[in-house]
Amino acid sequence: MKMKHLYQRHAFGAVIATAFVAMTLASCAVDGYDDETFSGGVTGQTLSSPAADSIVFTANADGTKTTISWPVVYGAGGYRCSVLNVSDESHPVVVVADTVVDGTTLVVPRTEDVNYSFSIRTVGNEELGNSDAAETTTAFFSSYLPGYATIPDGSDIAEWLSQNALPDDKGEVALDLVENGHYTLNANATFGNAPVTIRTASSNRATITVGADASFVIKGGFSLKNVVIDGSNCTNPLILMNAEPNPATMNTVSDKGFYYIEDPVKIVNCLVSNLTDEVINNNKTQYCIHTFLVDNSVFHFNTASGHGSGSYFNMYNNGACINDFTASNSTFYNTSDNEMKYFIRYNNSGGPKRTGYSKATVTLRQCTFYNVVKKSQVANYDGLRRTDLATFTLDHNIIADTGNKQFVRRFIAGGSWSDAGIKNFTSNTYVMDGEDAWTMPDAADPTTWTGEAQYDQTGTIVAGDPGFKDAANGDFTVSGANQIASRNGDPRWLPSAQ
């Protein structure tokens, strides 16, 4: 995986962040201070910048924004501010470009597991004869969840957990792995009710080699972040729901017998290599996971025989389901002659009409699929069929040799384009064996359209072979001119934006 692709994604995010900050700057000046309050009688002075220890960083309730505040410097004409993502100190990324704030607060977007720097310099006031501060103050803040413990390099994670019980009363627990470390999982790693994150806290990801009959067994929120998973020897699902759920989570949203997991289950910044089994299985227990998120990850499936009725994301048995499933900026490919029947599957009774949620969503955004369920079905979740409580989003994906030319039909729960259900489709590529998996004999008459175009009737399909560099060996660098122009698929495989 080329790191330059990761930096490109952050740079694009910086554009969005700058737009976000621009919308909030107007509110920064409206904070109850008038000109007299700001002047404080200070004239003819060289001003100072706020001290680092006086700057306060406050995350909002959902963790998507940080409010930065500082004390008034009397006589100032404003404050020149900038924010950088310094998670990789050798490649800082601009979050907020050099900006003058007329006030004492700045609201900026916040992303999980990022280290930030905030720089501020007091701007003088010409009318009062005050000069700019000579120095710039830099303070640091982070969205990292504090680590609870570091698992020593070379440990078996299940064995370590058996000797180091985790608390159930301290909220989310983060377990750090040593950068470039090597770990094994040779038995079930069973977690309690509190959400748990297993992560490498740097770009030098640790590797976990998963043995036979071993899974991460969960009954609450769970995250894998910034790790490499070697699944060559797996004979169990990577994540297995606990057959003994937390009774306190039963019927908390509806009375239909679901055990609700409100904290998200996430796989972020991971490489899952040679996975022979399922990613997740509900273990014949009626769980409803509110949010399942995959982001900036690569899944290399090497599916073992005997999984012809299985699912890569399997929440089917005994009424289970996921309410909101999102995969973004990620790659899914299979190099085995074996394949599972479904990419994602819920029980047919799973859906908002039974779970009690107001809506359900399935989102695939800027993902690359290759040879996944080529002869089978991408999805099976009849509880989402023909209901306006379901939203299906397909946005700038490359779908190659996947879904048997019925990817879209199955993705929208087996319905038709005209069925109820919100469909947010934009600029997707669908190919099978190097050819478009659709036809449009009469571009003005959708009744003549076939294959994927029969169900994606947006008129935005991106035609042509994406021209992967070496798909058989996991290199999906795109050479197709149409896909490059449209920025289709997992961004790591696209050339840098010009």
Side-chain angles (χ1 to χ4, degrees), residues 56-67 87 110-116 140-179 181 183-185 187-202 205-206 208 214-227 229 238-253 258-270 280 283 285 287-293 295 323-324:
V56 177
F57 304 96
T58 306
N60 70 340
D62 65 4
T64 60
K65 302 174 187 176
T66 296
T67 297
S87 297
R110 178 181 186 271
T111 302
E112 284 187 3
D113 298 338
V114 171
N115 293 323
Y116 297 96
F140 297 91
F141 64 106
S142 178
S143 59
Y144 269 103
L145 176 71
Y148 174 77
T150 297
I151 303 177
D153 188 9
S155 298
D156 183 87
I157 293 175
E159 182 179 354
W160 186 90
L161 287 168
S162 71
Q163 299 169 2
N164 298 271
L166 302 182
D168 253 352
D169 58 352
K170 295 189 180 298
E172 185 173 359
V173 172
L175 299 176
D176 289 320
L177 306 180
V178 177
E179 61 178 314
Y183 297 83
T184 58
L185 183 68
N188 285 341
T190 301
F191 300 100
N193 299 326
V196 173
T197 293
I198 295 178
R199 70 187 182 194
T200 316
S202 81
R205 296 180 293 188
I208 304 172
S215 301
F216 294 105
V217 180
I218 67 169
K219 53 183 170 181
F222 179 69
S223 298
L224 289 171
K225 292 183 177 181
N226 213 31
V227 297
I229 300 291
L238 179 62
I239 301 171
L240 185 66
M241 304 308 297
N242 198 318
E244 298 180 357
N246 178 4
T249 64
M250 186 177 184
N251 291 338
T252 55
V253 182
F258 290 99
Y259 293 93
Y260 291 90
I261 296 183
E262 292 297 332
D263 292 300
V265 177
K266 296 187 284 190
I267 301 175
V268 178
N269 299 333
C270 290
I280 187 170
N283 204 9
T285 307
Y287 282 97
C288 177
I289 298 174
H290 193 169
T291 302
F292 196 112
L293 174 67
D295 184 51
N323 192 70
D324 296 307

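Atom-to-atom distance recorded for Ser215:OG and Asn242:CG is 11.0 Å, nearest 0.5 angstrom. One finds the OG1 atom of Thr58 at 10.5 Å from the CZ atom of Arg110 (value rounded to the nearest 0.5 Å). Glu172 CD to Tyr148 OH: the interatomic distance, rounded to the nearest 0.5 Å, is 14.0 Å. In this structure, Ile218 CD1 and Asn193 CG are separated by 12.0 Å, a value rounded to the nearest 0.5 Å. A distance of 12.5 Å separates CZ in Arg205 from CG in Leu177, rounded to the nearest 0.5 Å. Distance CH2/Trp160 to OG/Ser155: 8.5 Å, rounded to 0.5 Å.
Within the 4.5 Å cutoff, the side chain of Met241 has heavy atoms near those of the Ile261 side chain. Here the side chains of Tyr116 and Thr111 are in contact, with some heavy-atom distance below 4.5 Å. Side-chain contact between Phe222 and Ile198: present, with at least one pair of heavy atoms (C-beta onward) separated by less than 4.5 Å. Between Thr190 and Leu161, the closest side-chain pair of non-hydrogen atoms is not below 4.5 Å. Between Lys219 and Tyr259 the shortest side-chain heavy-atom distance does not fall below 4.5 Å. Counting heavy atoms from C-beta on, the side chains of Leu175 and Leu166 come closer than 4.5 Å. Proximity of Phe292 to Asp324: side-chain heavy atoms (C-beta onward) are nowhere separated by under 4.5 Å. Looking only at side-chain heavy atoms (C-beta outward), Ile229 and Leu238 come within less than 4.5 Å of each other.
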TODO: Using the side chain to side chain contact (heavy atoms under 4.5 Å, CB included) rule, take His290 and Val265 through it: C-alpha gap first, then chi angles, then the decisive distance, then the call.
DONE: CA-CA 9 Å; His290 193 169; Val265 177; over 6 Å; no
- [ ] Under the side chain to side chain contact (heavy atoms under 4.5 Å, CB included) rule, what do Val268 and Asn226 come out as? Steps first, then yes or no, please.
- [x] CA-CA 6 Å; Val268 178; Asn226 213 31; over 6 Å; no
Open item on the list: Applying side chain to side chain contact (heavy atoms under 4.5 Å, CB included) to Thr67 and Val56, what does each step give before you reach the verdict?
Closed with: CA-CA 8 Å; Thr67 297; Val56 177; over 6 Å; no
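When all heavy atoms of Ala194 and Pro167 are compared, the pair lying nearest together is CB-O, 4.0 Å. Residues Tyr183 and Ala206 share a closest heavy-atom pair of CE1-CB, 3.9 Å. Across every non-hydrogen atom of Phe258 and Cys288, the tightest pair is CD2-CB, 3.8 Å. Shown here for Thr184 and Ile208, the closest heavy-atom pair between the two residues is C-CG2, 4.4 Å. The two residues Phe141 and Phe57 make their nearest non-hydrogen contact at CD2-CE2, 3.3 Å. Ala174 and Pro146 make their closest contact through CB-O, 3.7 Å (heavy atoms, listed as atom of the first residue, atom of the second, distance).
Asn283 places no side-chain N or O within donor-acceptor distance of the main-chain N or O of Thr285, the cut-off being under 3.5 Å. In this structure, Asp156 contributes its side chain and Glu159 its backbone to a donor-acceptor pair below 3.5 Å. Using a distance-only test at 3.5 Å, with no hydrogens or angles considered, no donor-acceptor pair links the side chain of Asn188 to the main chain of Val217. A side-chain donor-acceptor contact under 3.5 Å links Asn60 to the backbone of Lys65. At distances below 3.5 Å, at least one donor-acceptor pair connects side-chain atoms of Ser143 with backbone N or O atoms of Val114. Formation of a donor-acceptor pair under 3.5 Å by the Thr200 side chain with backbone atoms of Val227 is not found in this model.
Relative orientation of the Phe216 and Phe191 rings is parallel, given thresholds of 30° and 60° on the angle between their planes.
The residues Glu112 and Lys266 are annotated as salt-bridged, a charged nitrogen and a carboxylate oxygen being separated by less than 4.0 angstrom.
A donor-acceptor contact under 3.5 angstrom links the side chains of Asn115 and Ser142, judged on distance only.
Partner of Lys225 under the side-chain hydrogen bond (donor to acceptor under 3.5 Å, both in side chains) criterion, out of Asp113, Thr197, Asn269: Asp113 alone.
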